[in-house]
Structures are given as structure tokens and as C-alpha cells.
Trainee: 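Structure incoming, see below.
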Amino acid sequence: MAVENIWIFDVAHPLYTGSSGENICLLGLDSEGNVVELNSHFDDYFFVLKKQGSEKVIGEVVREFPGVMVDEVVRKLFGKDVVLYRVSGDAEVLRRIRDVLRRRLGEENLFEDDIRDTIKYMVDNQVSPCTWYRVNAIDVGVYSGIKIFSLKGLEPLDTDLGYPPLKVLAIDMVVVSKLGEPDPKRDPINYIVLYDGNDYYEYLGDRGDLELIKALNRDFSRLNPNVVVSFAGNSFIWPYLLARGKRLGIGIGLGMGGQEIHQSLYGHFSFFGRINIDLKEYVDDNPIFERKTLEELAGYVGIDYPEKSIDVFGYPLYWERNRDYLINYVKWRVRAIYAVFWELIDQIFGLSSVTGIPPDYVLTASSGRQAEHYIIKMSRKRGELVPKVLGRRARSYPGGLVLTPKKGLHENIAVIDFKSMYPSIIMKYNVSPDTIVKEAGEGVEFFSELGVGVRRDVRGILPDIVENLVRERDEVRRLMRSISRESPMYRILDSKQRILKILANTMYGYMGWLGARWYSFEGASLITFLGRRIIKESIEKARELGLNIVYGDTDSVFIGYDEDKVREFLDWINSSLGMEAKIDKLYRRVLFTEAKKRYAGLTVDDKIDIVGLEYVRRDWCELARALQYRVLKLLLEGASRNRLLDEFRDVVNRVRSGDFSIDEVVIWEQITRDLSEYKANAPHIAVARLLSSRGWRIRKGMFIGYVIVKGEGPLYKRAVHYLDATPEVVDKEYYIKNQLLPVVARVLEPIGVSDKVLFSIAEAVGTGLDRFFR
DNA sequence: TGGGGCCGGGG
DNA sequence: GTGTACGGCCCCA
């Protein structure tokens, strides 16, 4: 018997079960960094609702499949007790019996038959990945470099040991084709590079990529990494390698013991005994990244990036003409990928440990799935069945309230913000799929304007979960105060508290998501309804107090800062509404256009905030965005009208004289659907279609950069891919009138500068008449 | 000239 | 494949 500390990172089916009957395993690392496999036995199961007719069917089916166990049990479904048959047994038999029962009783009468055994094993035993456990196990031996144990018991460790020693390997790949998109049936891999923190391992496909893959397989076994990290591995590198291997008749044996990699849940790729991290998935659903590039991610974590990056559309040309530069660039990429992983390790492993999703696909899972996994984990403690997603139709409901701003420049404005408004509403009003009712009655708080009520006699699952998240976050933050800000543990805890906050904020959106197991249309509608009511009542009170309200959106109000009255206002919110609000920001000056969700301000600590305006939008060119920023900054800092106009005049002048680079005039737009689904002739779609005709596969999520060139007709006929354009062919007049002028007009109009003035400047600059308009 | 398609960002 | 509200461009009738 051995007792060891093990950092669990995955759950799987063991490679070799032998005669032990062990059919499931936890994978982990010991404190020396050895991979361990902890085998045990787990009978998979599902539930069948006990009702008229199901007893007879169950009886028949059980006789037909000996070895299956059936027990009558009670569980909760949306808070109500239900009687069920728990059917359990060997995985193979269980699958067959499940199919028969689905057919005979209807899918809606079976529960948890749609959850994988590995997940059930983890949640039933309350095991979380990326967490240390004190493990009691019997040593079985070593196989393929993995220490195999028979698991006897485990309990979470109180003290956090950080991470075990991890061998991390970054990978990147180059494949080019003369015909655009590389095709694994046709195009060999040109180049792969690995980086382990010290050395590069390079593989050239010059003598065919069969040799390349053989060498790669060999080196993976030799280097034996615990973590394989890439940027777009799951969407490009791994599927390409697999398809290429299939073509060449060679396996992609990058798992431990040469196990082949395979595609798994949500489209991620599994490597036996290793953690596969794709950092592209991290940037893709993080709104702070505009273009979703590795360069942005590197910049975000403070890593230098090259002056000249290469877009995949440019790879073929570089491979042909400037191969050394491309290879150097790809070597920078693996270095950056490696370094970024270490910067994000706490976020990735923290998310995995909190949600219970193994690190392999915690980034692949959408935020809805992450939230759901956490709920499943928590539902076990309440004896709640995991509900199913069956037969739903999309419906929409009203959201937050947005006030029309008072146009113009305002001084001394306070932004009052409700603390976590929707999570607070969920907790305070007990809004949850299992508490929502549609009729008034005993123990029900009913909202007749909406025709929806909530039970107050039972605590709902989501309010319970949100409360847990808030409590746990408070504990983590308390812990943080007792340790040094410089310690690694501080960073781990900081990531954790952020994750807990994000999860709490996700629960409202989750409840309104059509694909959610705990979906509640009425619940989500009630939350926004209560949010609107709260903000309306607050505004009314603020008016009563004589505060000047200039704007408001969902959970915030912008008011003239009168310290005493604001204090009184906040107290009132607390005592009368039972909600918490705070001063989120103080602006020396704020500029509102007539439009909602678009403004800019200068805070008391001299920060420029720009919200919704073109400056923050990637579908405006860099030249226009930078100009708007400068004009806004000057305006908010009190510059004269002439000074602002000069700023505009200078850029117009630059453009007219051709003093700009292509990068400054590129407009980036995302492809959000399959090309064939587009009905409109928009510029970026026209360019995407052209690329497509050149053989490029245009995927959802890709960014198309284009410029408008001189010529006749609608814009979509004059949009050119940025790599095909030079400054000489750019339509300067388009950029002056449709990019530079509008962004300046937008922010100067509220202070009384007319379009006409700007238009005259735009017309006159460079023609010798511009001085006339000063 | 106004409505629809489309995109991106706000809270 | 978390929600809704919103503005503004471009195209087209």
C-alpha cells in the first residue's frame, strides 16, 4: 500500500484492465512529476422514471440482459421528489439496454443516460481535476512510463502545493499550398517546430513528411511532455496531422507510450497521459482580444512580438521567397506560445479545478458548458437529477433598460453601479428553474405584470449556487490578504476569485440559454424585469433628491456628483431596494453623443475612457481610430476648437499626400457564418468570396482585412484584400470622407461643430485653400 | 429614402 | 451554441 500526494489532471479508461475488473482511471502527477494512473471499478448507470407502464418494461428488459442491476431510488427533479429506477452495470450491456429503453419508453423518461461515465465518476466522487489529493493505492507496476496503481481511496489536500513539476512543449506548424488552403490529401507538411523552454526541435518536410512525422513521434516519446501547448492545435494542427498520417499510413502517436491522438468531446484532441492546451481557444472567447492573434495574446501577457507578423494568407509567398524570415517568425511563435502558457497557467488550471472540466477541454468548452459543469457538480450535493434538453423553441424576452443620454459635455459626473446586479437578483428573489411558477399561490411571490412567480418556501438550485460562488470568493479573497502579493499562491488565488466571479455572472445568461439543462425562459425574463424595475425606481429616487441624471444603462446611472446627495442615494438603494450600489467612477468630464452606448470620459485620475465609439471598434481603420482618440483626448482635456480641427486637418493632409501605410487603412471584419449563407454583398464578404475562389477555405471566425481602392461602383466591388493592395491604389477620398470625417464629426457635433465645417476642411486640405477656413 | 443584412461592442 | 439592447454602415428596392 502506498500513500502519495497526487495532482489529478484527467479521467479516462485504463489502457490495460487485465482481470482486475478495473475499468476507469484517474490520471495524475506525483510531486516528482511522474505520471500515475489510478485504476478503479465504476459501474455506469442511468435512471428511468417510475410511472405507469415503465415497471413492466424494466422487468422484461432486465430479464433479457442478465447482469444488470435495478434499484428503486428517490431523487429530485427541479426540486420535486421523483421515484426512479437506477439501472447500472457493465458499460457494454448498459449501452444496449439504454437503447432499448429509449425506444420503448421515450428518451424523456431516461435521465443521465446522456452523461459520460467518466464525468459521472468524477462528480459522484467529488474529484476535481487540477487539484491535489492524498491518495491511498496499491502499486501495480510501471507501464509505458506510467506508474499504475489500484486506487483504494483519496481525499483532497488542505494545503495547496502549487503545481507538480511540468514538462511543457510548445508546437507550431507551417503548411503551404500553391492553391490556397492546404489540403492534407495533397499538401505535405513543410515545417514543424517544438520548443521546451530551452531548445528548438525542428522538422523539415523536404524529404517528404513521412520522415517528419516519424521523427516527431520519436521525439514526443523521448521528450515526454506533460503539457502540449499550441495556438490553433485543435482547429488546425492536430486534424491536419491526423489526416496526413492517414494518407501516409502512419499513426500520430503523440500520447504516452506512443498512443495515437484522437478527437474527443467538443472537438478537442486527446493525448493519453498528457494535457493538450490550445491557446487560440483562450483568446477566441475573450472580448479583450480584437483580432484573436497570438501577437495580441503575447502583448497582453507582456511578451515582445515582432514588428512584422505574417498572416496565414501570406505564408505561401514567404515560404517561396523569404523562407528564413517565416521560419524565424514561427520560432518566435513557439517561444511565445510556451511563455504565454506559463503566464496563463493559473487561469487555465484554476478554471478546470473550479468547474471540474479536465484541463484538456476546459478551454474548448463554451462558457455555458463551463457553468453547466459546475452546476452538475453542485447538483450532486442536493440529490438533484441532471435534467435533459428536449423540445424547445427559441423565444426572446426584453433585456436591460437603456436611457437616452443628455447630449453634450458634462462636468463632474459620478457613475453609480449596482454590484453584481443579476447575481444579486437571483439570490434575493430566489430566481431559479426549480422555483419558477406561473400561478400565484401559497408560498409564492407573484409578479403579476409578468405573470411569473417564484416559490419562497424552497431554496432554488441557482440561487444556492450563486451564493456558494460568492461565499467561496469571499473566502479566497480573505486568504489572499494573509499572504504576500509576490507569492505564486497569491496569483493562483487571484485567478480563482476571478473565475468564481465570472461563473456567478454567467448564471443569468445560462438560465436564458436555449441549450441549457437548467433553462428557464421565465426565470431569465424575471431577472431582467426586476433589473429594469430596480433601475427605474432608482432613477425616480435620484430625481426626487434633485440629482441630475445624464445617462443610465442596465445596472448603472450617470449623475451629477453632489457628494451628500449621492451618499443619501446609495443609502436609500441599500435600505429600500435591498441592493448594493457603489460609486464606480468619477469623471471630470464626459461627452455624450445623442446615441446610447457611445460616450467618452476623463476620470478624476486622468484616464481616458472610450465606450462604444469607433475608436474601440475593429471594423474602422487604424488611421480613423487613432485620430478619434487624439481628438477626444484633447477635447476632454479642454483644448480649443481650432486645436481639434488642426488634428483633423493634419491627418487629411497626410492621406492626400499619400503619407500612410497599408496597415493603417485596413478594415477588419469577421466571417460569422458559412460563406454560402450570406445574402448581402458586403465588402468583407466579397473579399472572402474572392479568397475562396483562390482555393482558401474561409472558416467561421476568420478575420478578413480589406482596403477600399479607387474605381467605380459600390464598395463591395472596390474592396481588395490588404495583401493585394498598395498605398497607390487606395481610394484616399473614401478614407477622408467615410472614415476620418465621420469619426471626428461624431465627437465634435455634440460641442457644436457642424459637419459642414469638417466637410469644407476635408475638401480644401491639400488644395491650397485650407488656410482660408481657419 | 427607408428597411433589411450585418457586425461589433456595452452592461 | 450564456443573455438582450443598440448604432451605424452598406446595399437595394
Side-chain angles (χ1 to χ4, degrees), chain A residues 266-267 284-285 287-292 364-372 374-375 389 392 394-405 415 417-422 426 462 502-521 523-529 531-532 535 551-558 584 593-599 609-620 624 667-673 677-686 688 700-701 703-704 708 713-719 734 738-739 742-743 745-746:
Chain A
Y266 310 138
D284 273 346
D285 57 49
I288 69 167
F289 303 110
E290 277 184 14
R291 290 268 321 284
K292 315 296 180 191
T364 316
S366 66
S367 49
R369 294 280 168 224
Q370 292 168 3
E372 186 154 81
Y374 184 79
I375 302 172
V389 180
R392 283 177 195 160
R395 283 194 286 170
S396 71
Y397 57 90
L401 182 73
V402 189
L403 303 185
T404 303
V415 183
D417 189 271
F418 282 89
K419 272 191 187 167
S420 310
M421 184 189 246
Y422 287 174
I426 290 174
L462 290 194
I502 292 170
L503 272 178
N505 285 332
T506 304
M507 291 302 164
Y508 148 70
Y510 173 81
M511 217 189 294
W513 171 38
L514 206 63
R517 290 171 182 274
W518 280 275
Y519 172 67
S520 174
F521 175 83
S525 315
L526 179 57
I527 293 166
T528 57
F529 167 79
R532 291 193 300 275
I535 199 100
Y551 181 60
D553 185 351
T554 311
D555 61 353
S556 64
V557 278
F558 290 56
D584 189 42
T593 66
E594 72 274 36
K596 296 172 174 181
K597 294 184 186 281
R598 298 189 160 219
Y599 59 89
D609 265 356
I610 300 180
V611 178
L613 293 164
E614 287 78 1
Y615 168 69
V616 300
R617 297 179 61 95
R618 64 167 170 250
D619 54 353
W620 285 79
I667 297 162
W668 292 94
E669 281 185 83
Q670 194 173 22
I671 297 297
T672 59
R673 57 193 79 177
E677 290 172 39
Y678 281 103
K679 295 178 196 165
N681 285 320
H684 73 293
I685 300 162
K700 239 185 258 188
F703 286 91
I704 304 293
I708 299 298
L715 283 190
Y716 74 91
K717 289 185 176 155
R718 300 196 281 125
Y734 168 81
N738 297 63
Q739 293 272 324
V743 303
R746 191 99 52 226

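Quantities reported herein were computed from a predicted structural model and do not represent experimental measurements. Residue numbers begin at 1 in each chain, while the letters A, B, ... track the order of the sequences.
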Trainee: Mind checking if Ala595(A) touches a base, just sugar-phosphate, or nothing, with heavy atoms under 4.0 Å?
Mentor: sugar-phosphate
Trainee: I'd like to know if Lys597(A) and Asp553(A) make a salt bridge, using a cut-off of under 4.0 Å between side-chain N and carboxylate O.
Mentor: yes
Trainee: Just to be sure I understand the rule, does Gly515(A) reach a base, reach only the sugar-phosphate, or reach nothing, if contact means heavy atoms closer than 4.0 Å?
Mentor: nothing
Trainee: Is any side-chain heavy atom of Ile375(A) less than 4.5 Å from a side-chain heavy atom of Leu462(A)?
Mentor: yes
Trainee: Give one of base, sugar-phosphate or nothing for Glu372(A), where a contact means two heavy atoms less than 4.0 Å apart.
Mentor: nothing
Trainee: Looking at Tyr716(A), does any N or O in its side chain come under 4.0 Å of the phosphate oxygens OP1/OP2 on dG5(B)?
Mentor: no
Trainee: Classify the nucleic acid contact of Phe521(A) as base, sugar-phosphate or nothing, counting any heavy atom under 4.0 Å across all strands shown.
Mentor: nothing
Trainee: Assign Phe558(A) to base, sugar-phosphate, or nothing according to its heavy-atom contacts below 4.0 angstrom with the strands shown.
Mentor: nothing
Trainee: Among the candidates dC9(C), dT4(C), dG8(B), find the nucleotide nearest to the side-chain atoms of Tyr397(A).
Mentor: dT4(C)
Trainee: Gly368(A) near the nucleic acid: base, sugar-phosphate alone, or nothing, with a heavy-atom cut-off under 4.0 Å?
Mentor: sugar-phosphate
Trainee: With a 4.0 Å cutoff (strictly under), does any side-chain N or O of Asn681(A) reach OP1 or OP2 of dC10(C)?
Mentor: no
Trainee: dG10(B) C1' sits how many Å from Met421(A) CE, rounded?
Mentor: 15 Å
Trainee: For Asp285(A) and Asp619(A), take the nucleotide of DNA chain C holding the closest heavy atom to each; which residue's nucleotide lies nearer the 5' end?
Mentor: Asp285(A)
Trainee: Could you check whether any side-chain N or O of Gln670(A) sits under 3.5 Å from a backbone N or O of Gly701(A), counting only pairs where one atom can act as donor and the other as acceptor?
Mentor: yes
Trainee: Which nucleotide sits closest to the side chain of His684(A): dG1(C), dC7(B), dG8(C)?
Mentor: dC7(B)
Trainee: Does Arg673(A) place a side-chain N or O at less than 4.0 Å from the phosphate oxygens OP1/OP2 of dC6(B)?
Mentor: yes
Trainee: Under 4.0 Å between a Lys/Arg side-chain N and an Asp/Glu carboxylate O for Arg369(A) and Glu372(A)?
Mentor: yes
Trainee: Measure from CD1 on Ile685(A) to P on dC9(C) and round the result to the nearest Å.
Mentor: 17 Å
Trainee: Under 4.0 Å: is that the gap between some side-chain N or O of Arg618(A) and OP1 or OP2 of dG8(B)?
Mentor: yes
Trainee: Where each residue is assigned the nucleotide of DNA chain C containing its nearest heavy atom, which of Gln739(A) and Arg532(A) is assigned the position nearer the 5′ end?
Mentor: Arg532(A)
Trainee: Please state whether the phosphate of dG7(C), meaning OP1 or OP2, lies under 4.0 angstrom from any side-chain nitrogen or oxygen of Arg746(A).
Mentor: no
Trainee: In terms of side-chain heavy atoms of Trp620(A), which of dT2(C), dC6(C), dC9(C) is nearest?
Mentor: dC9(C)
Trainee: Just N and O in the side chain of Ser366(A): are any of them under 4.0 Å from OP1 or OP2 of dT2(C)?
Mentor: yes
Trainee: Separation of Arg291(A) atom CZ from dG8(B) atom P, in whole Å?
Mentor: 12 Å
Trainee: dG8(B), dG8(C), dT4(C): which one has an atom nearest the side-chain heavy atoms of Arg598(A)?
Mentor: dG8(C)
Trainee: Sub-3.5 Å donor-acceptor pair from the side chain of Ser520(A) to the main-chain atoms of Met511(A), do we have one?
Mentor: no
Trainee: The side chain of Ser396(A) is closest to which nucleotide in this list: dT2(C), dG8(B), dT4(C)?
Mentor: dT4(C)
Trainee: Check the distance between dG1(C)'s P and Trp518(A)'s CH2 and give it to me in whole angstrom.
Mentor: 21 Å
Trainee: Report which part of the nucleic acid Pro398(A) touches: base, sugar-phosphate, or nothing (heavy-atom distance under 4.0 Å, all strands).
Mentor: sugar-phosphate
Trainee: Nearest to the side chain of Val616(A) - dC7(B), dC10(C), dG10(B)?
Mentor: dG10(B)
Trainee: If you only use heavy atoms from C-beta on, which nucleotide in dG7(C), dG10(B), dC10(C) is closest to the side chain of Pro683(A)?
Mentor: dC10(C)
Trainee: When rounded to the nearest 0.5 angstrom, what is the spacing between CD in Gln739(A) and CD1 in Ile708(A)?
Mentor: 8.5 Å
Trainee: Without decimals, in angstroms, what is the distance between Glu669(A) CD and dG5(B) P?
Mentor: 17 Å
Trainee: Between Glu614(A) (CD) and dG7(C) (C1'), how many Å, whole number?
Mentor: 9 Å
Trainee: Would you mind reading off the distance between Tyr422(A) atom OH and dG10(B) atom P, rounded to a whole angstrom?
Mentor: 17 Å
Trainee: Which of the following nucleotides, dT4(C), dG8(C), dC6(C), is nearest to the side chain of Lys597(A)?
Mentor: dC6(C)
Trainee: Would you tell me if any nitrogen or oxygen in the side chain of Tyr678(A) comes within less than 4.0 Å of OP1 or OP2 on dC7(B)?
Mentor: yes
Trainee: Are Arg517(A) and Tyr510(A) close enough that some pair of their side-chain heavy atoms sits under 4.5 Å apart?
Mentor: yes
Trainee: Once you round it to whole Å, what is the distance between C1' of dC9(C) and CG of Leu613(A)?
Mentor: 15 Å
